[in-house]
Asker: 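Dumping the structure here so I can ask a few things about it.
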Number of protein chains: 2
Amino acid sequence: MTYRQFTRQAKLTRRDFCLEMLAAHREDIKAKKDETAVKNLELIFQATLEVSNQKGFQAMTMRDLSRASGISVGAMYDYFNSKESLLEMIQEAGRRIAGRVMRQAVSGAEAPPEKLAAAIRAHLYLSEAMQPWFFFSYMEARHLGKVEKQRAKEGELATERHIAEIIRAGKRQGVFADVDHRLGAAVIKAMLQDWYLKRWKYAKRRVSVERYADFVVGMAHGFCRNGLGDAGPREVRQ
Amino acid sequence: MTYRQFTRQAKLTRRDFCLEMLAAHREDIKAKKDETAVKNLELIFQATLEVSNQKGFQAMTMRDLSRASGISVGAMYDYFNSKESLLEMIQEAGRRIAGRVMRQAVSGAEAPPEKLAAAIRAHLYLSEAMQPWFFFSYMEARHLGKVEKQRAKEGELATERHIAEIIRAGKRQGVFADVDHRLGAAVIKAMLQDWYLKRWKYAKRRVSVERYADFVVGMAHGFCRNGLGDAGPREVRQ
DNA sequence: AAGATAAAAACGAACGATCGCTCGGAAAAT
DNA sequence: ATTTTCCGAGCGATCGTTCGTTTTTATCTT
């Protein structure tokens, strides 16, 4: 699947994101008409990611946010109860959308190699389509409350366990070599995260998400087929 | 080289770190006696990383820092001019030490495979010994001023270019396959960063730095020898 | 169609709390 | 007795947040 096909089937626009936020907090949001509510949520959401991804959520003041969104400080508070709850609303909505997309994206494949490729590709395409949110979510997870922080961490570990499980299944079926599936999943995850954490770097080098996906899938398959992760005597040490 | 051997030859204690800070800012620091200066710098340095790595540097107040270090707010200002300059002092000293260690750690190897292994191992061992600083440096780079931020980014890119150069040399000498050395270096770098960004995860799973190093070196060699990164027709797509 | 009325949305000055930081004097060391 | 180190109340600035008011939009009346 190409990135173009992916974005066509998945609804991941800024508007979709804010509809999710509105639905989850309809009674807390003071605006009566959905039309205006979504419109202003979009302005606030975009401004939050823009300012926050540049200087950090803590360093962003409500006056910064007001200037960047074009909405007065007082009016913004019709859409969230506090700065902290704004952070939680954004994290929560994104986590829900990402979870939903991931679940249905990997539902097609059968054999472990294809499943592995599908999972990698789905994660990369998703994080490409929602890059500002993924970056935000990663960098600001520390500022969440205990409950929300635990949920964010759990979401991360679930992705990793999912990949590890695919590798394990491949080993049982004999299509993968006897590699450390947990360490393998960990480093694959590291590569996936690098895409949204350092996207400016890849953009400057003109590396497309498809090319990066091909590359990571290639590395993952090579690793699983040849068993490079067993640290055997082929190792060269200094 | 084992991690134990590495830490024995490299001077990377907290005290060494603070001696570096003191030497760089001897005239700005109000304390006259080096003894007391280093002692208090250690308290401040440790408390800064402790509090900051948990809640973020911006969210850390000077009163937090005073409580965590056991030094009064007033006395702390005998050791730095402002909160921002404290951040810069820590970043600068760490960058200098890390650069020095890396330069001499990879000076021994000759052939590209050994050079690659040495570079990976040196970086991992270094980030293990200075893990709190590496984590801090990565997460707080956004809060630096323009000049310091550029220097931090340059340091990162230098590491990556170094790895890419080794792979390129290996290709020219025919010991490595025709792989994309830039993308290869990028994902190797991602694996290296994962070690200090997610160390709690590896600690819980009882993965030692040596085992992780063996694993990454194995993946890097496998990739370079078999050319998994060319995204050829062997790719399986969904 | 136009004016009156009510409802909804937007505003920004002002509030108490807390921030980074200073400074005059106390405490400790020499 | 002198120097060095340490202290923490207090300063102005700025923070997140509120709320009485104005402006805009929708609805009703003539």
Side-chain angles (χ1 to χ4, degrees), chain A residues 18 21-22 25-48 51-52 54-90 140 143-145, chain B residues 18 21-22 25-48 51-52 54-90 140 143-145:
Chain A
C18 293
M21 278 205 286
L22 180 60
H25 299 90
R26 194 61 194 90
E27 67 265 23
D28 302 328
I29 291 173
K30 307 293 186 299
K32 307 283 179 181
K33 296 196 301 179
D34 288 1
E35 176 87 21
T36 46
V38 172
K39 183 197 73 180
N40 286 331
L41 277 175
E42 283 193 63
L43 291 172
I44 292 169
F45 171 68
Q46 175 155 36
T48 302
V51 179
S52 189
Q54 207 233 328
K55 59 158 68 176
F57 186 79
Q58 280 276 353
M60 175 189 76
T61 70
M62 301 315 282
R63 289 160 182 85
D64 285 335
L65 194 55
S66 169
R67 205 177 314 115
S69 65
I71 301 175
S72 71
V73 176
M76 289 195 304
Y77 275 84
D78 289 342
Y79 297 93
F80 50 78
N81 296 322
S82 66
K83 192 185 177 189
E84 192 190 339
S85 89
L86 169 64
L87 173 58
E88 287 179 2
M89 278 170 66
I90 292 176
E140 310 300 345
H143 304 305
L144 289 168
Chain B
C18 293
M21 278 204 287
L22 179 60
H25 299 90
R26 193 62 195 90
E27 67 265 24
D28 303 326
I29 291 173
K30 308 294 187 298
K32 307 281 180 183
K33 295 196 300 181
D34 289 1
E35 177 87 22
T36 45
V38 173
K39 184 197 71 179
N40 286 331
L41 276 175
E42 283 193 62
L43 291 171
I44 292 169
F45 171 68
Q46 174 156 35
T48 302
V51 178
S52 189
Q54 207 234 328
K55 58 159 68 176
F57 186 78
Q58 279 277 350
M60 175 189 76
T61 70
M62 302 315 283
R63 289 161 181 87
D64 285 336
L65 193 56
S66 170
R67 205 178 312 116
S69 65
I71 301 174
S72 70
V73 175
M76 288 195 304
Y77 276 85
D78 288 341
Y79 298 92
F80 48 79
N81 297 322
S82 65
K83 193 186 177 189
E84 192 189 339
S85 89
L86 169 63
L87 173 58
E88 285 178 3
M89 278 170 67
I90 293 177
E140 310 301 345
H143 303 305
L144 290 169

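Computed from a predicted structure; not experimentally measured. Proteins get letters first, then strands, A, B, ... in listed order; numbering begins at 1 in each. Atom set for the values below is all heavy atoms of this structure, side chains included, hydrogens, waters and symmetry mates excluded.
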Asker: Under 3.5 Å, is there a donor-acceptor pair between the side chain of Glu140(A) and the main chain of Phe57(A)?
Answerer: yes
Asker: Rounded to the nearest angstrom, tell me the gap between atom CE in Met76(B) and atom P in dC23(C).
Answerer: 17 Å
Asker: Does Ala75(B) offer a backbone N or O that forms a donor-acceptor pair with the side chain of Lys30(B) under 3.5 Å?
Answerer: no
Asker: Which protein N or O atoms sit under 3.5 Å from an N or O of nucleotides 8-10 of chain C?
Answerer:
{"unit_1": "dA9(C)", "atom_1": "OP1", "unit_2": "Lys32(A)", "atom_2": "N", "d": "3.2"}
{"unit_1": "dA9(C)", "atom_1": "OP1", "unit_2": "Lys33(A)", "atom_2": "N", "d": "3.1"}
{"unit_1": "dA9(C)", "atom_1": "OP1", "unit_2": "Thr36(A)", "atom_2": "OG1", "d": "3.3"}
{"unit_1": "dA9(C)", "atom_1": "OP2", "unit_2": "Lys32(A)", "atom_2": "N", "d": "2.7"}
{"unit_1": "dA10(C)", "atom_1": "OP1", "unit_2": "Asn40(A)", "atom_2": "ND2", "d": "3.3"}
{"unit_1": "dA10(C)", "atom_1": "OP2", "unit_2": "Asn40(A)", "atom_2": "ND2", "d": "3.1"}
{"unit_1": "dA10(C)", "atom_1": "OP2", "unit_2": "Tyr79(A)", "atom_2": "OH", "d": "3.3"}

Asker: If you look at every heavy atom in Ala59(A) and Asp64(A), which pair is closest and at what distance?
Answerer: O-OD2, 3.9 Å
Asker: Looking only at non-hydrogen atoms, find the nearest pair between His143(A) and Lys55(B) and report the distance.
Answerer: CE1-O, 3.2 Å
Asker: To the nearest Å, give me how far apart CZ (Phe80(B)) and C1' (dT22(C)) are.
Answerer: 13 Å
Asker: Using a cut-off of 6.0 Å, state whether more than 12 heavy atoms not belonging to Lys32(A) lie near its atom NZ.
Answerer: no
Asker: Under 4.0 Å from a heavy atom of chain B: give me the 5'-most and 3'-most nucleotides of DNA chain D that qualify.
Answerer: dT4(D) to dG10(D)
Asker: Can you list the steps and then say if Tyr79(A) with Ile71(A) is a side chain to side chain contact (heavy atoms under 4.5 Å, CB included)?
Answerer: CA-CA 11 Å; Tyr79(A) 297 93; Ile71(A) 301 175; 5.6 Å; no
Asker: Start with the C-alpha gap between Ile44(B) and Leu86(B), add the side-chain angles, then the distance that decides, and say whether side chain to side chain contact (heavy atoms under 4.5 Å, CB included) holds.
Answerer: CA-CA 9 Å; Ile44(B) 292 169; Leu86(B) 169 63; 4.1 Å; yes
Asker: Could you go through nucleotides 14-18 of chain C and list every protein N or O atom that sits under 3.5 Å from one of its N or O atoms, giving the distance for each pair?
Answerer:
{"unit_1": "dA14(C)", "atom_1": "N6", "unit_2": "Arg63(A)", "atom_2": "NH2", "d": "3.4"}

Asker: Are the side chains of Met62(A) and Tyr77(A) in touch, meaning some heavy atoms are under 4.5 Å apart?
Answerer: yes
Asker: Taking all non-hydrogen atoms of both residues, which atom of Glu88(B) and which atom of Gly145(B) are closest, and how far apart?
Answerer: OE2-N, 4.3 Å
Asker: Ser66(B) near the nucleic acid: base, sugar-phosphate alone, or nothing, with a heavy-atom cut-off under 4.0 Å?
Answerer: nothing
Asker: How is Met62(A) classified with respect to the nucleic acid when contacts are heavy atoms under 4.0 Å: base, sugar-phosphate, or nothing?
Answerer: base
Asker: Applying side chain to side chain contact (heavy atoms under 4.5 Å, CB included) to Arg26(B) and Asp34(B), what does each step give before you reach the verdict?
Answerer: CA-CA 9 Å; Arg26(B) 193 62 195 90; Asp34(B) 289 1; 2.8 Å; yes
